[in-house]
Amino acid sequence: MNIVIVESPAKAKTINKYLGPSYEVLASFGHIRDLPAKNGSVDPEENFRMIWEVDPKASGRLNDIAKAVKGADKLILATDPDREGEAISWHVLEVLKEKRALKDQEIERVVFNAITKQAVTDAMKNPRKIDGALVDAYMARRALDYLVGFTLSPVLWRKLPGARSAGRVQSVALRLVCDRELEIEKFVPREYWSLVATLATPRSETFEARLVGADGKKIQRLDIGSGAEAEDFRKAIEAANFTVTTVEAKPARRNPYAPFTTSTLQQEASRKLGFAPAHTMRIAQRLYEGVNIGGETTGLITYMRTDGVQMATEAITQARKVIGDDYGKDYVPNAPRVYQTKAKNAQEAHEAIRPTDLSRRPRDLAKKLDTEQAKLYELIWKRAIASQMESAELERTTVDIAAKAGARTLELRATGQVIKFDGFLTLYQEDTDDASDDDDSRRLPAMSGGEPLERRDLAVTQHFTEPPPRFSEASLVKRMEELGIGRPSTYASILQVLKDRGYVKLDKKRLYAEDKGRVVVAFLENFFARYVEYDFTASLEDQLDKISNNEVAWRDVLKDFWRGFIGAVDEIKDLRITQVLDVLDDMLGPHIYPPREDGGDPRQCPNCGVGRLNLKAGKFGAFVGCTNYPECRYTRPLAASDDGGDRVLGQDPETGLDVAVKSGRFGPYIQLGEQKDVGEGEKPKRAGIPKGTSPGDVDLELALKLLSLPREIGRHPETGEPITAGIGRFGPFVKHERTYASLEAGDDVYTIGLNRAVTLIAEKVAKGPGRGRFQKDPGKPVGDHPNGGVITVKNGRYGPYVSHDGTNATLPAEITPETITLAQAIELIDARAGKGKPKAKKAAPKKANGGATVEAAAKPAGKPKKAAPKAKKAAKPAASGAAKKSAAKARGGVTNKAAPVVAKASPAKKAAGKAAH
C-alpha cells in the first residue's frame with residue numbers, strides 16, 4: 001500500500017479515485033504544527049532554535065496517518081506546489097519520524113499544478129525529494145514574523161495602551177493606507193478652467209475640440225487658473241473663425257493581457273465582480289479542488305497561488321483551437337503568444353491561473369457551479385483565452401484647428417480613436433480602479449486640411465484638482481506587488497488582518513485608515529522607521545527569495561535582521577508613555593485637531609475654555625483629553641465623529657415600517673417598527689450591530705441585511721434539515737441541526753450559498769467538537785507511553801491531570817500543564833497504576849518539552865538522546881544564573897520519544913527532505 005498525503009479531504013477523495021486501490025490518500029487538513037503563541041518559540045540566543053507545537057486538532061489525524069504509514073510500502077507527500085505546501089510536507093515527515101512510524105518505507109515528494117487525472121498520474125511518475133531550500137525559506141519567514149510580532153507587540157502594549165499588534169508586512173501595508181490618508185488631508189485643491197468647443201463640419205457632423213494653445217504658447221490642463229482668464233479666452237473663441245489645419249491618423253495595436261497571476265486575479269475580481277481578495281481565493285480554492293463532471297471530480301483551474309504568467313504548451317494549443325472554433329481564424333495569431341514572468345523568485349513562478357481544460361466553456365459549467373464560482377471561472381476562462389488572441393488594431397486620429405480672432409490665433413485639438421479590428425477586445429478588456437474621461441475613445445467625423453468649421457457651442461467649465469483616491473483592495477494589492485511587499489499567498493491575509501484588527505475599514509469599496517491604525521503607524525514611523533520603510537521590507541522579501549533559491553543561509557538572514565531590530569527595541573525601553581504621546585500628538589496634529597470654523601485655536605478645550613487638548617492613552621486606546629484634568633473631564637475620540645444616535649434609516653420595502661438605529665443598555669441595535677406596530681406581548685424585530693461596525697456607518701441596506709438574519713440557506717442534501725446563516729457572539733456562522741461552523745475569511749453571511757455551507761458543516765464535523773462550555777477538554781498530547789498510546793494532559797473539574805489508556809493522575813501543585821515533561825507524566829501514570837510512586841519536585845529533564853518539538857541550533861551536537869523509556873534520569877537542576885535559559889528550554893515540551901533536539905543534518909542525510917534545520 002502507498003500512502004499519499006494532501007491538505008484537504010476534498011482533494012484526498014478526488015485523488016484516491018484517480019490512483020486506485022493500491023493507494024490510500026489522507027488529508028492533513030492544512031498545517032499541522034506551528035510556533036506556540038508565547039515567548040521563547042524562536043530563540044535568537046540559541047541560533048534561532050524553533051519550537052514547533054502540534055495543533056491539538058491535528059493530533060488525531062496525525063495518529064491515523066502514522067498508523068497507516070507503519071504498514072505502508074511508500075509515503076508520498078503531495079501537498080501544494082508552493083513554499084507553504086513544501087513546509088506542510090516537511091512537518092508531516094518530521095512528526096512521523098518522532099512517532100517512529102517510518103522504517104524502510106520509500107519517501108517521495110510529488111507536485112501537480114492541477115487536480116486532474118492526467119496531472120496527478122504524471123506527477124506520480126516524476127517524484128523528487130523535499131526541497132530543503134523552500135523549507136528554509138518558510139522557516140525564515142515564519143521566524144521573522146514571529147520575532148517581529150512577539151517583540152514589537154509588547155512594546156506597543158506598554159508604550160501605546162489599546163494598540164492590538166504589529167506585524168512585519170501588515171504594518172507596511174497599513175502605512176500605505178495611512179500615508180494616502182495623510183496625502184488627502186494635506187491636499188490643497190487648485191482651481192483651473194477648461195474650454196471645449198462643439199464644432200461642425202460642412203456636412204453638419206459635430207465633434208468636440210479642446211483649447212490647447214494661444215498666441216504661440218501651449219496651454220496645459222492647469223494653466224488657466226482663474227475665471228478672468230477663462231472669460232478672456234471665451235470672448236476670443238466666440239469671435240473666431242475656425243479652420244482645420246492638420247489631420248493626422250496613426251495606426252496602433254493593443255496587445256492582450258497575460259493570463260492571471262494571484263495578484264491580477266484578485267485585482268480584476270475586485271473590480272469586475274466586487275469580491276474581496278480573501279473571498280476570491282476562497283472561491284478559487286473550490287474551483288481548484290473541482291466539481292463532479294461525468295461521475296468524476298475534476299479540478300477546473302490550475303493552482304491559484306502563483307507569480308507566473310506562462311501557460312503549458314498543450315494549454316496554448318488548446319486555447320488557439322477554441323479561438324478558431326468560436327471566433328474564426330482571423331482571431332488566431334500566426335504564432336503562439338509567450339509571456340515572461342516578472343517574478344524575482346523562480347520557485348513562486350508556477351504556471352499562470354487558467355482552466356485545466358480550455359474547451360470547457362463557462363456556459364457548459366453554469367449548472368454545475370454556484371453563482372460566484374461560475375462568475376470567477378468565466379473571468380479566468382476569458383482572460384486565458386484572450387491572452388492567446390490576435391491584437392486589436394486601432395486608428396488614432398488627431399485634428400488640429402486654428403481659431404482666428406482678429407490678431408489672435410488660438411489652437412484647438414480634437415482626438416479620437418477607431419477600432420479597425422477588435423481582436424481580443426471582442427472577449428476581454430481589463431478594468432481600471434479609477435475611471436476617467438478618455439477623449440481618445442471618441443470617434444471623429446471625416447475632415448481634411450483647410451476645411452472650414454462652424455462653432456455650435458462652447459463649454460467654459462471651472463474645475464478643482466482632486467486628492468489622490470483612497471486605495472481599493474484591488475489597488476492596494478497592486479501597489480504592494482509593485483513595491484515587492486508580500487507574496488502571492490499573503491496578499492489576501494494581510495488585508496483581512498488589517499480589517500479584523502480595526503486598523504482600516506472598507507467603505508464603498510475604499511479603504512479608510514482608522515484612528516487606531518494611524519496611531520500605530522505614527523508610533524512605528526517615529527521609533528521604528530526602518531522597519532516600516534517600503535524599500536527595507538521589499539529587500540527582506542528578496543532575501544527570503546534568495547533563501548528559497550539556495551543562494552543564502554536562512555540563519556544568516558535572521559542574524560542580520562535581529563541585530564538591528566533588537567537594538568531599536570532596546571533604544572526605546574526607557575521612554576515614558578508621556579514622551580511617546582507627545583511625539584504622536586505633534587505628528588498627528590493636523591488629523592486630530594482640524595481647523596475650527598471660527599478660526600480659533602483648535603487645541604482649546606471646548607468645555608472649560610482654559611485647558612488645551614492633547615493626546616492621552618487609556619485602557620482602550622488613545623483619546624483626546626483636556627490638560628485641565630481633573631477640574632475638566634472633557635474627552636473625545638481622536639477624530640470627532642457622529643456615532644449615529646437614534647435615527648431612522650428609512651422604510652422596509654416589504655412592510656413599510658421604519659428601520660432605525662437605536663441605543664440600548666447593552667449598546668446600539670437596529671429595530672424594525674415600534675411597539676405599536678406589533679401585537680400585545682410581542683416585541684419589534686431587532687438585530688445587533690456586528691463588532692467592528694460603527695453605528696454611524698449603518699445605512700438602510702446594511703440594516704435590512706442584518707434584520708434578515710438568521711436566514712435559511714437551504715436544506716442539507718443528506719438529512720433534509722435546514723441550514724441557516726446568522727451572526728453570533730463569536731461572529732458569523734452556519735448551523736445545521738446542532739452543528740455550528742464559523743464562516744471563514746472571504747465568506748459572506750448574507751450571500752453564502754448552499755454548497756459552501758454544506759462544505760463548512762462537513763469540515764466542522766470531520767474536525768470533531770471544539771472546546772465548548774459543555775464539551776470535555778480533549779487534552780494536549782505530552783508524548784507516547786513506553787507501553788504504547790499517547791499521554792495527554794487535560795484540565796478537569798478538580799484541576800489538571802494526565803491521562804493514558806483509562807488511567808488518570810492529578811498533577812502535583814508544583815507541576816503545571818504547560819511545564820510537565822514526558823518523563824514526569826510517565827512517572828505519574830505508572831505510580832497511579834501501582835507501578836511506582838510519583839516523586840514531587842523532580843527536576844525537569846533537559847530533553848523533555850511537553851507537546852512541542854525543538855528545532856535545534858545549527859551547532860555541533862552529540863548523538864541524539866535515546867528514547868524516553870531509557871531517559872528517566874532527571875537532569876541536574878539548572879544553575880540559578882541560567883534560570884531564564886533553563887525555563888525557556890523546559891517550556892513547551894517535546895512530543896517525540898526520541899531525540900527532542902535535532903541537529904542540522906549533513907547534506908548526505910537530506911535524502912528524505914529536511915530532517916532538521
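For clarity, every value in this text was computed on a predicted model and none was experimentally measured. Heavy atoms only: backbone and side chains are in, while hydrogens, waters and symmetry mates are out.
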How close do Thr306 and Thr262 get, heavy atom to heavy atom, and via which atoms?
N-OG1, 2.7 Å
Are any non-hydrogen side-chain atoms of Val110 and Leu77 less than 4.5 angstrom apart?
no
Tell me whether the NZ or CZ atom of Lys272 lies within the 45° cone about the ring axis of Tyr428 and under 6.0 Å from its centre.
yes
To check you understand the geometry: which heavy-atom pair defines the closest contact between Ala101 and Ala66, and what is its length?
CB-O, 3.8 Å
Arg361: which residues meet the salt bridge (Lys or Arg N to Asp or Glu O under 4.0 Å) condition with it, sequence neighbours left out?
Asp326
I'd like to know if the side chain of Ser270 and the backbone of Gln266 have a donor-acceptor N/O pair within less than 3.5 Å.
no
Heavy-atom donor-acceptor pair, Thr297 side chain to Val291 backbone, under 3.5 Å:
no
Review item, side-chain donor-acceptor pairs of residues 7-15, under 3.5 Å, at least two apart:
residue: Glu7; atom: OE1; partner: Lys11; partner atom: NZ; Å: 3.2
residue: Glu7; atom: OE1; partner: Asp80; partner atom: N; Å: 3.2
residue: Glu7; atom: OE2; partner: Asp80; partner atom: N; Å: 2.9
residue: Ser8; atom: OG; partner: Lys11; partner atom: N; Å: 3.1
residue: Ser8; atom: OG; partner: Glu289; partner atom: OE2; Å: 3.0
residue: Lys11; atom: NZ; partner: Asp80; partner atom: OD1; Å: 2.6
residue: Thr14; atom: OG1; partner: Ala10; partner atom: O; Å: 3.1

Report yes or no: does Glu351 contribute a side-chain atom to a donor-acceptor pair with the main-chain N or O of Ala312 at less than 3.5 Å?
yes
Applying side-chain hydrogen bond (donor to acceptor under 3.5 Å, both in side chains), can you list everything that pairs with Ser708, at least two apart in sequence or on another chain?
none
With sequence neighbours left out, the residues meeting ring pair (Phe, Tyr, Trp, His ring centres under 6.0 Å) with Tyr288 are Tyr303
When you check the gap from the basic side-chain N to the acidic O, do Glu86 and Arg109 get nearer than 4.0 Å?
yes
Minimum side-chain heavy-atom gap Gln373-Leu287 below 4.5 Å
yes
May I have all residue pairs that pass side-chain hydrogen bond (donor to acceptor under 3.5 Å, both in side chains) and include part of residues 59-71, sequence neighbours excluded?
Asn63-Lys99
For Arg756, all residues meeting salt bridge (Lys or Arg N to Asp or Glu O under 4.0 Å), sequence neighbours excluded:
Glu744, Asp747
Kindly say whether Leu358 contributes a backbone atom to a donor-acceptor pair with the side chain of Trp381 at under 3.5 angstrom?
yes
Run the side chain to side chain contact (heavy atoms under 4.5 Å, CB included) test on Asp34 and Asp55 for me, step by step, so that the C-alpha distance in whole Å, both residues' side-chain angles and the decisive distance to 0.1 Å come before the verdict.
CA-CA 7 Å; Asp34 201 359; Asp55 184 339; over 6 Å; no
Is it the case that the side chains of Gln651 and Asp658 hold a donor-acceptor pair, with the cut-off being a distance below 3.5 Å and no angle test?
yes
Roughly how far, to the nearest 0.5 Å, is the CG atom of Leu379 from the CZ atom of Phe275?
9.0 Å
According to ring-ring contact (aromatic ring centres under 6.0 Å, His included), does anything in residues 698-721 pair up with another residue at least two apart or in another chain? List the pairs.
His716-His736
Intermediate values then yes/no, side chain to side chain donor-acceptor pair (under 3.5 Å), Ser475 and Ser472
CA-CA 5 Å; Ser475 59; Ser472 65; 3.1 Å; yes
Applying side-chain contact (heavy atoms from CB on, under 4.5 Å) to Arg715 and not counting sequence neighbours gives Glu712, Pro722
Which value, rounded to the nearest 0.5 Å, describes the distance between Ser22 atom OG and Met1 atom CE?
7.0 Å
Among residues at least two apart in sequence or on other chains, which ones pass salt bridge (Lys or Arg N to Asp or Glu O under 4.0 Å) with Asp357?
Arg360
Tell me the salt bridge (charged side-chain N to carboxylate O under 4.0 Å, His left out) pairs involving residues 362-379, sequence neighbours left out?
Glu378-Lys382
Any side-chain heavy-atom pair of Ile115 and Thr298 under 4.5 Å
no
Short side-chain to backbone donor-acceptor contact, Thr261 and Ala352, under 3.5 Å:
no
Can you tell me how far CD1 of Ile752 sits from CG of Asp748, rounded to the nearest 0.5 angstrom?
8.5 Å
Spell out, as yes or no, whether a donor-acceptor pair under 3.5 Å connects the side chain of Thr759 to the backbone of Asn755.
yes
Answer yes or no: is there a donor N or O on one side and an acceptor on the other, between the side chain of Thr264 and the main chain of Phe260, under 3.5 Å?
no
Name the residue from Leu96, Leu75, Ile76 that meets the side-chain contact (heavy atoms from CB on, under 4.5 Å) definition with Ile5.
Leu75
Nearest 0.5 Å please: distance from the CD1 atom of Ile353 over to the CE atom of Met311.
12.5 Å
Looking at every heavy atom in both Leu26 and Ala68, which two are closest together, and how far apart are they?
CD1-CB, 3.9 Å
Excluding sequence neighbours, so at least two apart, what forms side-chain contact (heavy atoms from CB on, under 4.5 Å) with Lys509?
none
Which pair of non-hydrogen atoms, one from Gly85 and one from Thr79, has the smallest distance, and what is that distance?
O-OG1, 2.6 Å
Okay, side chain of Arg510, backbone of Arg470: is any donor-acceptor separation there less than 3.5 Å?
yes
Does a side-chain N-to-carboxylate-O contact under 4.0 Å join Arg271 and Glu473?
no
Report, as yes or no, whether the 6.0 Å neighbourhood of atom OH on Tyr512 holds more than 12 heavy atoms from other residues, nucleotides or ligands.
yes
Where do Met124 and Leu19 land on the side chain to side chain contact (heavy atoms under 4.5 Å, CB included) test, with the steps shown first?
CA-CA 9 Å; Met124 292 296 171; Leu19 298 178; 3.6 Å; yes
Is the side chain of Asn16 donor-acceptor paired with the backbone N or O of Val25 at a distance under 3.5 Å, no angle test?
yes
Close side-chain approach of Tyr491 to Ser263, heavy-atom, < 4.5 Å:
yes
Side chains of Thr724 and Val734 in contact at under 4.5 Å (non-hydrogen atoms):
no
Ignoring hydrogens, what is the shortest heavy-atom contact between Leu649 and Ala703? Give both atom names and the distance.
CD1-CB, 3.6 Å
Should Ser28 and Val6 count as side-chain neighbours, where that means a heavy-atom distance under 4.5 Å?
no
Name all residues meeting the ring pair (Phe, Tyr, Trp, His ring centres under 6.0 Å) criterion together with Tyr327; count only those two or more places apart in sequence or in a different chain, and write none if there are none.
none
Would you please test Ile88 and Ile32 for side chain to side chain contact (heavy atoms under 4.5 Å, CB included) and show each step?
CA-CA 7 Å; Ile88 292 172; Ile32 60 164; 5.6 Å; no
Atom NZ of residue position Lys685 - does it have more than 12 heavy atoms of other residues, nucleotides or ligands inside 6.0 Å?
yes
For Tyr750, is there any backbone N or O sitting under 3.5 Å from a side-chain donor or acceptor partner on Arg711?
yes
Distance from Ile761 atom CD1 to Glu737 atom CD, nearest 0.5 Å?
9.5 Å
Side chain to side chain, Glu24 and Val4, heavy atoms closer than 4.5 Å:
no
What's the shortest heavy-atom distance between Leu709 and Ala725, and which atoms?
CD2-O, 3.7 Å
